[in-house]
Engineer: 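First the structure, then my questions, so here it is.
In what follows, chains are A, B, ... by sequence order, proteins preceding strands, each numbered from 1. Everything quoted here is computed from the prediction, not taken from an experiment.
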Protein chains: 2
Amino acid sequence: MTQEGQTGSKRRTRGARRHLGAPTIADVAREANCSPMTVSRVINSEGNVRDATRNQVMAAIAKLNYSPNRAARSLAGGEQVRIALLFDNPSASYLSEFLMGALEEASRRDVQLVVQSCEDVSSAKQLVRNLAEGGIRGFILPPPLCDDQDVLNLVAELDAIAVAVGPGRAAGSQGAVLIDDFQAAYDMTMHIIGLGHRRIGFIIGNPEQVAADRRLNGYLAALRDSKIEVDERLIVQGRFTYRSGMDGAEKLLSVEPRPTAIFASNDDMAAATVAVAHRRHLDVPNDITVCGFDDTDMASSIWPELTTIRQPIREMTAWAVGAITRMIRAKLHGEKVRPEQETLPYVLIRRESDAAPSLAQSRTRGQSPTRGKSN
Amino acid sequence: MTQEGQTGSKRRTRGARRHLGAPTIADVAREANCSPMTVSRVINSEGNVRDATRNQVMAAIAKLNYSPNRAARSLAGGEQVRIALLFDNPSASYLSEFLMGALEEASRRDVQLVVQSCEDVSSAKQLVRNLAEGGIRGFILPPPLCDDQDVLNLVAELDAIAVAVGPGRAAGSQGAVLIDDFQAAYDMTMHIIGLGHRRIGFIIGNPEQVAADRRLNGYLAALRDSKIEVDERLIVQGRFTYRSGMDGAEKLLSVEPRPTAIFASNDDMAAATVAVAHRRHLDVPNDITVCGFDDTDMASSIWPELTTIRQPIREMTAWAVGAITRMIRAKLHGEKVRPEQETLPYVLIRRESDAAPSLAQSRTRGQSPTRGKSN
DNA sequence: CTGAAAGCGCTAACAG
DNA sequence: CTGTTAGCGCTTTCAG
């Protein structure tokens, strides 16, 4: 096609080093009848290009099926942006979503990702130190790392940038992307109430994670707004683990009269609740509704599948990579960096673990001493 | 600021574009009193360098704390190696291990990774086509993709290279890394037998995955070698899903006399078995031993935690990236590529779901009332 | 065994 | 708005 001859300049003088005929920016330029620089401008969507020119270039790009060479780009562009993903909480399902989001965006933006898991906060701090020393200028931090002020301070001290993914709450001066845990828990509770439930148990998460608190508050607020009196016995402490969920569920299911629904503040605890209910020969959802939070793998692995809240972790991480990249590049250009923040929408995923309370239970609900067990 | 005609002494006259003072190969050369070329040779451990020179260079490298610039390397080195990770089976725990292994190795070897998930085999084939067109020369394929001959053929046809991670079996002409599923299932069964069990139920996996078969065979072989007669009623078909595990477990636990142990060929089904056992008020492991396979997240999330077989997925994927990179580079250099294969060691992870059969059960079991077991 | 020269593909900086 | 020029840091080629 493109008459690959020696046009003007020094094409193919000694093409020995050209391994593959992948089109370069120069090829595009020739095709589009302009200079490579203009092509570069178009690719990087800089402003100063006439529309007509831009279109020509775009057409040429499409025609040649051109795609920029990353290596060349970062070589020429000066410093390669490298950012680290740290995590302390290797819940596999979280992690894989987290990684996918980051990977995708990182490859799109041509930043290099360093993925590191660490044992605890103190080892995290050491890691941050090492990485910063190794030239890492940005850190993406999921909970619980991003809820630890020490870690945040250290990053700042090292003149690096941190973005929190799904922190308990957004500190004002901090880059962060999150969902509204409070509102999500509120919505879920409202959903359960809407089903007709009045006695709704709640299992609190790990007190060390701020999100746990916000979820509890959402639950509380929904009860309040629905004029349902809070029964202290229906709120038990958990730690986000399956085991703690079992203990919590045992307690909750022993309360008289029994709750007709249990909202566990994560999926692991909800799964445990289902198990305990089954052990007591309670059918889920007919005898008891169980809802979770997070939409981890487990939520859809067990049976019945869990109604839960999905955090768009992938999108959140992608956003985080984008934001941190912008911030680092701004910094590299000597501009002032202002921390970006974003709240992304969650989704209430309705599956098979929730239903209206059965008649028998409704009767039971108030205070009547008769158990009225249905089965 | 342009008069730089002289060759040898190019000082930092115009470091305008130099963003950071990272030492370059030229700095090392100056320090080591040789040419950049020699330094390059040392870094790439090519043969032709005198020991004395090499040592000088090494010293200089150490002194300056030099580390090569990846972008420059791949730019100059010709083709950038890009490989794709495809998967059809987004089990989160598998995925995250898979990604971690790949990421790490990819960054070490400076290859670019493209991660793609796909819906089914036919969409996978389309993806492979697109990616190959986009210059991807290597594909890393986990099951079930790597068990599909069509996909494999397509990759070959497109003149790309595929490496299978944990395929059911290694086709001779295929790059692959796997564990010995047969031997692992054999070992697990032997472990259970060693505990004193004789009536051991087995839940088969998805018949479409070759590994399912090999696991079954391992179980069978262990029984045979232990002179335990196979009871057909104790072998039920599953599909690797939680739900199918529940069904299988229900069947198994209804057999008279009841098995004292159940070996499910993956963790999801094992978890389901535990749930069913609990529903029947059977204690795990005191009333019944339950073992899984894979060591997914779920194995250690539920209670009791599962005794299972761990595939070193991370290491496997890392190996796959290494192998495929070698193969592609060989091909680029016009050498003949011979598909590499590797079998990595698995680990039997003993947790809390297995125990010796109780006395009561032993009496029930086959015919001999005496345990005769040593422990 | 070693080095000089010539780029790899792209972009920053400065002209027009 | 567009083009020119000079590299980014490294490796290939080819000549000592």
Engineer: So, using side-chain contact (heavy atoms from CB on, under 4.5 Å) as the criterion, who are the partners of Ser123(B) when residues are at least two apart?
Structural biologist: Cys118(B), Glu119(B), Asp120(B)

Engineer: Taking only residues two or more places apart in sequence, or in another chain, which ones meet Glu315(A) in a salt bridge (Lys or Arg N to Asp or Glu O under 4.0 Å)?
Structural biologist: Arg310(A)

Engineer: Should Thr38(B) be listed as having a side-chain N or O under 4.0 Å from OP1 or OP2 of dT2(C)?
Structural biologist: no

Engineer: Just to be sure I understand the rule, does Pro68(B) reach a base, reach only the sugar-phosphate, or reach nothing, if contact means heavy atoms closer than 4.0 Å?
Structural biologist: sugar-phosphate

Engineer: Among the candidates dC10(C), dG9(D), dC1(C), find the nucleotide nearest to the side-chain atoms of Leu75(A).
Structural biologist: dG9(D)

Engineer: Would you indicate which nucleotide in dG9(C), dT2(D), dC10(D) comes nearest to any side-chain atom of Arg41(A)?
Structural biologist: dT2(D)

Engineer: Are Ile83(A) and Val114(A) close enough that some pair of their side-chain heavy atoms sits under 4.5 Å apart?
Structural biologist: no

Engineer: Ile25(A) has a side chain; which of dG9(D), dC1(D), dC10(C) sits nearest to it?
Structural biologist: dC10(C)

Engineer: Can you tell me the distance, in whole Å, between the OH atom of Tyr66(A) and the C1' atom of dG9(C)?
Structural biologist: 7 Å

Engineer: Quickly work out the Arg30(A) CZ to dC10(C) P distance and round it to whole Å.
Structural biologist: 12 Å

Engineer: Would you please name every residue forming a side chain to side chain donor-acceptor pair (under 3.5 Å) with Asp150(B), sequence neighbours left out?
Structural biologist: Lys125(B)

Engineer: Looking at dA4(C), I'd like to know if its phosphate oxygens (OP1 or OP2) sit under 4.0 Å from a side-chain N or O belonging to Ser35(B).
Structural biologist: no

Engineer: Indicate whether OP1 or OP2 belonging to dT11(C) is found under 4.0 Å from a side-chain N or O atom of Ser40(A).
Structural biologist: yes

Engineer: Using the test side-chain contact (heavy atoms from CB on, under 4.5 Å), find all partners of Arg314(A) that sit at least two apart in sequence or belong to another chain.
Structural biologist: Glu97(A), Met100(A), Glu104(A)

Engineer: Could you give the CG-to-P distance, from Asn48(A) to dT11(C), as a whole number of Å?
Structural biologist: 16 Å

Engineer: In whole Å, I'd like the distance from the CD atom of Gln56(B) to the P atom of dG3(C).
Structural biologist: 10 Å

Engineer: List the residues meeting side-chain contact (heavy atoms from CB on, under 4.5 Å) with Ala318(A), not counting sequence neighbours, and say none if there are none.
Structural biologist: Glu105(A)

Engineer: How far does the helix from dC1(C)-dG16(D) to dG16(C)-dC1(D) bend, going by the axes of its first and last five pairs, to the nearest 10°?
Structural biologist: 30°

Engineer: Quick one: which of dC10(C), dG7(C), dC1(D) gets closest to the side chain of Thr24(A)?
Structural biologist: dC10(C)

Engineer: Any side-chain N or O of Arg50(A) below 4.0 angstrom from OP1/OP2 of dT2(D)?
Structural biologist: yes

Engineer: Determine whether Tyr66(B) and Asp27(B) make a side-chain contact, defined as any pair of heavy atoms from C-beta on separated by less than 4.5 Å.
Structural biologist: no

Engineer: To the nearest angstrom, how far is Met37(A) atom CE from dT11(C) atom C1'?
Structural biologist: 5 Å

